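Encoded as structure tokens, the structure appears first; notes follow it.
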Protein chains: 2
Amino acid sequence: MTEKPPPDPRRRDRAATRAALLDAARLRFSRQGYDGTGIREIAADVGVDPALISRYFGSKRKLYAEAVRVDIPAGLTADPHRPVPHIADALLREVVFGDWEMFHGEHPFLVMLRSSGNPAVRDQLHIQLCEGYLRDFAGRLKGQDAALRAELIGALLLGMGVMRSIVGSPALSEASFEQTRRLVARLVHALSAE
Amino acid sequence: MTEKPPPDPRRRDRAATRAALLDAARLRFSRQGYDGTGIREIAADVGVDPALISRYFGSKRKLYAEAVRVDIPAGLTADPHRPVPHIADALLREVVFGDWEMFHGEHPFLVMLRSSGNPAVRDQLHIQLCEGYLRDFAGRLKGQDAALRAELIGALLLGMGVMRSIVGSPALSEASFEQTRRLVARLVHALSAE
DNA sequence: AGCATAAGTCATCAGTTGTTGACTTATCTG
DNA sequence: CAGATAAGTCAACAACTGATGACTTATGCT
């Protein structure tokens, strides 16, 4: 019983409180966007005073930036000889069909999209997408317009995420992973050949 | 010279003022999203008192709904025998590559995407996309998973719009229409055959 | 010209926003 | 058991939000 003290009166633990605020912020920002979320809401979710946000993160904006930072799964891009269709499959499974429960079921890119009215958010999105996934992806495609074709695949995956979790289009939302994978594979194949 | 009276002191014309507010609202909401835009900004763009917005539109929300309402170009879906690749070409040209200067270069769908934290906006987006473009599109595809394939094409086009005007990915943003059209045609072809 | 009507303005409301500095209180060390 | 240190609270701020009712002023009709 030394593990979990009575849960209601939370112990004073800066690191744990900070982490709890970060989690709550992810959920709120996911649903409601940046402008639609107040620091009082986030603090209330954790059961803590709103002042702690300014104190621990500096400002609401810095909290947001830290909450939606996305790290590319290292395994994806490790092998430079891994074939493109393989990677596309993996991206479909992990990015589009991933559960992302930390963000209420949406990839951080979609979360940022929802707040892209804010220029700082837009920059963050641009950098993380272009210099993260896309650049690596384009390097594996052959031919002259490799970058364009890589971005088309990116657009497809991003668009699928939007359709599934924001628009809520019926077929894409309910289709199985395997059924979707087959069709996406066709598309990737159509772009892989030069 | 009876046409244009001195432009600075605008004449009192309810309809014209209302239309001007609607235009200004489109531009502001496009850039900054719903929450990021204040009625005082919009009114200032027109050079008019903010109270007129509540007066003419009822509320900020109703103004938004009216500003981002999208009407499907009637010519697109008129002929029920028009081949799918044809329609995809037209959509690419008019929706993705359209100038949409009314909305600062973005299709209204992208504008709504940016404010999709708001449930009412999300509903509007869902209805207009699913019951507008997608339903008609799926009806023209043959085979069992026609709806799914239609939504995949929709996802591609939507994703391309996002990449071009929100993310600002380099290749897609600068590629010519013709160059893009060729690649997209390949993709549509890959999905058209059952 | 003069008057009625509607277009537009103004001041102000009540509520919310993010942030800050001074305060209290829990936790750990000696 | 003290007392120091940091975690967390509290009250208040200035700025801004959307909205409203009473006011002023321009327009069009007779």
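A note on names: the letters A, B, ... follow the listed sequences, proteins ahead of strands, and every chain is numbered from 1. This is a predicted model, so every value here is computed, not measured.
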Closest heavy-atom contact between A:Tyr34 and A:Lys60? O-NZ, 3.0 Å
Between A:Arg122 and B:Ser165 the two heavy atoms that sit nearest each other are NH1-O, 4.2 Å
Separation of B:Ile42 atom CD1 from D:dT17 atom C1', in whole Å? 13 Å
Considering residues, nucleotides and ligands other than A:Glu178, do more than 12 of their heavy atoms fall under 6.0 Å from its CD? yes
Taking OP1 and OP2 of C:dA7, is either one under 4.0 Å from a side-chain nitrogen or oxygen of B:Tyr56? no
Can A:Arg140 and A:Asp136 be said to form a salt bridge (Lys or Arg N to Asp or Glu O under 4.0 Å), step by step? CA-CA 7 Å; A:Arg140 295 162 196 269; A:Asp136 171 85; 3.2 Å; yes
So, OP1 or OP2 of C:dA7: does either fall under 4.0 Å of a side-chain N or O from B:Thr17? no
Applying side chain to side chain contact (heavy atoms under 4.5 Å, CB included), name anything that partners A:Arg31, two or more places apart in sequence or on another chain. A:His104
Over how many whole Å does the gap from B:Gln32 atom CD to D:dT17 atom C1' extend? 14 Å
Which letter, B, S or -, goes with each nucleotide of nucleotides 14-26 of chain C from 5' to 3', with contact meaning a protein heavy atom under 4.0 Å? ---BBBBBB--BS
Taking the six-membered ring of A:Tyr56 (Phe, Tyr or Trp), confirm whether the NZ or CZ of A:Lys62 is under 6.0 Å from its centre and within 45° of its axis. no
